[in-house]
There are 2 protein chains.
Amino acid sequence: MNMTNPEDLRNDADNETSDLSKARLRAWLQVLKVSRKIEGELREKMRLEFGSTLPRFDVMAALYRSRDGMRMSELSSALMVSNGNVTGIVDRLVADGMIVRVPVENDRRASIVRLTPDGEKDFAERALVHEGWVSELFSDLSANDADALIRILRTISHHNEAPHD
Amino acid sequence: MNMTNPEDLRNDADNETSDLSKARLRAWLQVLKVSRKIEGELREKMRLEFGSTLPRFDVMAALYRSRDGMRMSELSSALMVSNGNVTGIVDRLVADGMIVRVPVENDRRASIVRLTPDGEKDFAERALVHEGWVSELFSDLSANDADALIRILRTISHHNEAPHD
DNA sequence: TACAGATATTTCAAACTCAAAATATTTATG
DNA sequence: CATAAATATTTTGAGTTTGAAATATCTGTA
């Protein structure tokens with residue numbers, strides 16, 4: 001545990017917790033609240049406007065950024081979900097013709113997943129609409145606050161960092 | 001859509017999106033990333049240390065704050081999840097002896113859910129440990145940044161506000 | 001080459017989640 | 001009072017999610 005803050009250094013053999021600890025807990029609960037609220041709004045819009053879901057969109061977004069495709073394990077670590085989870089979502093996207101599985105040369109355990117032309121076209125359109133939704137949901141967020149928010153959240157996500165950001 | 005920011009007022013008959021819009025999208029993706037990461041960490045700790053889950057903890061936390069109990073509909077709106085979802089979690093917590101359903105006087109449609117003495121005891125212990133986990137995961141977050149984070153996130157969650165915060 | 005361990009993915013069971021439909025009950029209106 | 005509308009909750013079906021086990025394949029070492 002990082003003990004750089006004076007609040008954390010006092011004697012606490014009892015169960016009392018510090019003000020700082022409580023402030024951090026409040027901050028986490030607020031992150032959770034915003035995250036759930038925005039996710040809920042986006043999920044509903046995806047369903048009504050696109051007849052699709054958030055997990056499908058997330059997978060396609062990752063593949064759109066990596067035009068050469070990604071392995072299943074790359075996908076699951078990029079999205080921070082389990083391997084088994086990605087399998088199911090990919091299965092359904094393949095059935096929908098949005099993506100394809102391509103065997104990997106020299107490694108028959110792995111396969112690479114990539115967008116089909118249809119998938120690319122669909123995603124490109126939807127990504128613009130999606131960005132508009134987010135911008136509207138965040139319309140009270142100024143450029144300065146957006147930067148501050150990103151900076152603060154990065155300090156958190158860099159703590160106990162997995163390989164890279 | 002809130003059109004108070006100059007960036008949003010320019011002509012954009014084409015699909016180009018503003019820098020501010022992109023900054024907000026980045027901010028949202030960072031919120032999502034931190035939220036997933038912290039949730040994953042907490043879920044694992046809950047499982048290993050408590051043999052329990054995050055949704056169960058959330059329900060018990062809500063009930064701990066409302067000692068007189070809550071209706072199912074109050075629970076689902078407090079946790080921002082669907083009614084049907086709460087039913088399943090409550091069923092399992094009842095089976096575990098952590099909570100009970102109490103009929104509501106004069107309204108046989110509704111029932112009130114409240115912690116049992118065992119549930120209260122269990123939650124009280126776990127809440128302290130949980131706060132410690134969060135504080136450690138957020139240990140790079142200063143008091144100032146915690147306050148800034150809460151303030152910024154509140155401006156977002158107040159946008160298109162449901163009844164209260 | 002044989003084979004132990006590592007790696008990539010899928011399968012599996014249980015839990016979570018949603019939205020819509022179904023059920024039960026209460027309230028309001030004629 | 002009758003009953004339509006509203007409310008509270010559960011049920012249902014599909015999809016998502018996890019963690020563990022199973023499967024298939026690859027790699028390094030003897």
Side-chain angles (χ1 to χ4, degrees), chain A residues 32 35-60 69-96 98-99 101-113, chain B residues 32 35-60 69-96 98-99 101-113:
Chain A
L32 197 55
S35 184
R36 282 195 187 171
K37 183 164 206 149
I38 302 299
E39 271 202 289
E41 299 278 357
L42 292 177
R43 178 185 300 112
E44 187 180 9
K45 287 176 191 293
M46 290 268 170
R47 185 175 53 84
L48 297 177
E49 306 291 322
F50 296 161
S52 188
T53 68
L54 225 34
R56 279 170 166 82
F57 185 83
D58 290 343
V59 165
M60 292 178 76
M70 296 173 83
R71 291 180 175 218
M72 297 298 284
S73 49
E74 289 179 310
L75 264 177
S76 66
S77 66
L79 304 177
M80 292 190 288
V81 298
S82 65
N83 277 339
N85 185 356
V86 173
T87 297
I89 296 163
V90 164
D91 285 349
R92 284 180 282 269
L93 282 172
V94 168
D96 290 350
M98 296 292 106
I99 66 179
R101 281 183 226 251
V102 183
V104 170
E105 195 85 2
N106 298 328
D107 190 345
R108 282 176 299 172
R109 295 169 303 179
S111 61
I112 281 197
V113 179
Chain B
L32 198 54
S35 184
R36 282 194 186 172
K37 183 164 206 150
I38 302 298
E39 273 202 288
E41 300 277 356
L42 293 177
R43 178 184 300 111
E44 187 181 8
K45 288 176 192 291
M46 290 267 170
R47 184 175 53 84
L48 297 177
E49 307 289 323
F50 296 161
S52 189
T53 69
L54 226 35
R56 279 170 166 83
F57 185 84
D58 290 344
V59 165
M60 291 178 76
M70 295 173 83
R71 291 180 175 218
M72 298 298 284
S73 49
E74 289 180 310
L75 265 177
S76 67
S77 65
L79 303 178
M80 291 189 290
V81 298
S82 64
N83 278 339
N85 185 355
V86 173
T87 297
I89 297 163
V90 163
D91 285 348
R92 285 179 282 271
L93 282 172
V94 167
D96 290 349
M98 295 293 104
I99 66 179
R101 281 183 225 251
V102 183
V104 170
E105 195 85 1
N106 298 327
D107 190 345
R108 282 176 301 173
R109 293 170 304 179
S111 61
I112 281 197
V113 178

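The chains referred to below are lettered A, B, ... by the order of the sequence lines, with proteins before strands, and numbering in each begins at 1.
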Need one value for S82(A): base, sugar-phosphate or nothing, where a base atom within 4.0 Å counts as base even if backbone is also close, heavy atoms only. base
Counting side-chain heavy atoms from C-beta on, which of dG19(D), dT18(D), dT25(D) comes nearest to R47(B)? dG19(D)
Calculate the interatomic distance between N106(A) atom CG and dT25(D) atom P; express it in whole Å. 14 Å
To the nearest angstrom, the CG-P distance between D107(B) and dA6(D) comes to 17 Å
E44(A) has an atom CD; how far is it from atom C1' of dG15(D), in whole Å? 17 Å
Please give, in whole Å, the distance from dT17(D) C1' to M72(A) CE? 14 Å
Nucleotide nearest R43(B) when distance is taken to its side chain, options dT18(D), dT16(D), dC26(D): dT18(D)
Residue met sooner reading DNA chain C from 5', once V81(B) and E74(A) are mapped to nucleotides: E74(A)
Students should find this one: the first and last nucleotides of DNA chain C, 5' to 3', lying under 4.0 Å from a heavy atom of chain B. What are they? dA15(C) to dT26(C)
In whole angstrom, give the distance that lies between atom CG of L54(A) and atom C1' of dA14(D). 16 Å
Table please: side-chain donor-acceptor pairs of residues 72-95 of chain A below 3.5 Å, with sequence neighbours left out.
{"residue": "E74(A)", "atom": "OE1", "partner": "R71(A)", "partner atom": "N", "Å": "2.8"}
{"residue": "S76(A)", "atom": "OG", "partner": "S73(A)", "partner atom": "O", "Å": "3.1"}
{"residue": "S76(A)", "atom": "OG", "partner": "N83(A)", "partner atom": "OD1", "Å": "2.6"}
{"residue": "S77(A)", "atom": "OG", "partner": "S73(A)", "partner atom": "O", "Å": "3.3"}
{"residue": "S77(A)", "atom": "OG", "partner": "E74(A)", "partner atom": "O", "Å": "3.2"}
{"residue": "S82(A)", "atom": "OG", "partner": "N85(A)", "partner atom": "N", "Å": "3.3"}
{"residue": "T87(A)", "atom": "OG1", "partner": "N83(A)", "partner atom": "O", "Å": "3.4"}
{"residue": "D91(A)", "atom": "OD1", "partner": "R101(A)", "partner atom": "NH2", "Å": "2.1"}

Residue-level proximity of residues 84-94 of chain A to DNA chain D when a heavy atom falls under 4.0 Å: G84(A), N85(A), I89(A), R92(A)
Between R56(B) and L48(A), the residue closer to the 5' end of DNA chain C by nearest nucleotide is R56(B)
